[in-house]
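Predicted, not measured: the structure shown is a model, and the values here were computed from it. Residue numbers run from 1 in the order of the sequence given. Just so you know, ligand 1 is whichever comes first in the structure, and atom 1 is the first atom listed for that ligand.
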Amino acid sequence: MDSSQTQALVDEAAGLVASCGDANALANAKARFLGRDGLLTQRMKSLGKLSGAERAAAGRELNAAKQRIEALLAEREAAIEAALLDARLSAEAIDVTLPGRSAGHGGLHPLTLTIARVEEIFRSIGFDVADGPEIEEDFFNFTALNTPADHPARSMHDTFYVDPVAGAQPGLLLRTHTSPMQIRYARAHQPPIRVIAPGKAYRVDSDATHSPMFHQVEGLWVDDDISLADLKNVYADFLAQFFERDDIDLRFRPSYFPFTEPSAEIDMRFADGPLAGRWLEVSGAGQVHPDVVRNIGLDPERYIGFAFGSGIERLTMLRYGVGDLRVFYENDLRFLQQFSR
Ligand code: DAH
């Protein structure tokens, strides 16, 4: 056996090992040369036929060849493992430069923003904020407010009635205004009373400026020494703060409500801007009728009350320049998103 044959074997092994693509192929290559019947193993087995000096030289040569092939196999094995790891790393890669998927921001509805704003302003001048039932008793919605069953003013306040069920209280309806809160709150508190009560109200009404469900804010101020001038000052202050403008004019236009005497509509007018010069109705108001003061449980000879009831939708439309009230209820995000902060 000559060394050129051994070298040829090593070369063959190097070629085969280099072509191995995975651990399996590598194991086959190893068996082909170093296995029990492997090409190199066979040669080693034949050493015994050689004479002493030849055997020593050939043995060294074959051992060196074996070590070389083992080294080639180890190298290739390491390279295959590294390639596998690389492939896995790039397959499972996370691109940390991609923008994250955010949860999205919610926003408050414009009417909710208006209510919060109205509450904040009135709280800052010493008014309490009260909340009351939307399913109201006929008594609080009408009778206690000087509007008995046969009163013609009821026809403007047609609403949704709750069918009396067996054992339930009769005369329940969806409140047509927030005014019943005047009675509820004033019966539970001692003068001086300063309160606003924002909330939902319901009527059989539906067009560009009326919705069957809408929002009002009621105001009530009862004391023993106040006048309509005080109400006017407070309301003028409120409007200036609400609209953040000092070009607002106010007028009290005579009107009629069963529960106030005298009664008025409060109109406002901007001096500047797109609505300049037009009188806009924003609220009903008046001096609480003596009968209503009595219904509260107070002596009208001693106490005087002033009240107002303003439309939340109307205030919101004027503040943001919205022309049709129905957009508040259509849940169109393109509209609503403009108000989220
Ligand atoms: N409740 C009346 C309505 O909905 C508005 C109103 C007018 C409220 C005069 C008041 C008031 O408190 O004094 O039409």
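- Within ligand 1, counting atoms from 1 as listed, the ones closer than 4.0 Å to a heavy atom of G286 are 13 (O).
- With a heavy-atom cut-off of 4.0 Å, A285 touches ligand 1 through its backbone alone.
- Where the criterion is an N or O separation shorter than 3.5 Å, residue side chain and backbone included, F308 meets it with respect to ligand 1.
- A cation-pi arrangement is not found for R175 relative to Y202, the charged atom failing to lie both closer than 6.0 Å to the ring centre and inside a 45° cone about the ring normal.
- Inclusion of E218 in the set of residues having an N or O under 3.5 Å from an N or O of ligand 1 is warranted.
- Ligand 1 has no nitrogen or oxygen under 3.5 angstrom from a nitrogen or oxygen of G284.
- In terms of polar-atom proximity, Q182 is counted as a contact of ligand 1, with an N or O under 3.5 Å from an N or O of the ligand.
- Protein heavy atom at the shortest distance from atom 8 (C) of ligand 1 is G309 N, 3.3 Å.
- At least one heavy atom of F259 sits closer than 4.0 Å to an atom of ligand 1.
- Under a 4.0 Å heavy-atom criterion, M156 is not in contact with ligand 1.
- The side-chain tip of R203 does not point at the ring of F214 from less than 6.0 angstrom away and within 45° of straight on.
- Ligand 1 is approached by R203 to a heavy-atom distance shorter than 4.0 Å.
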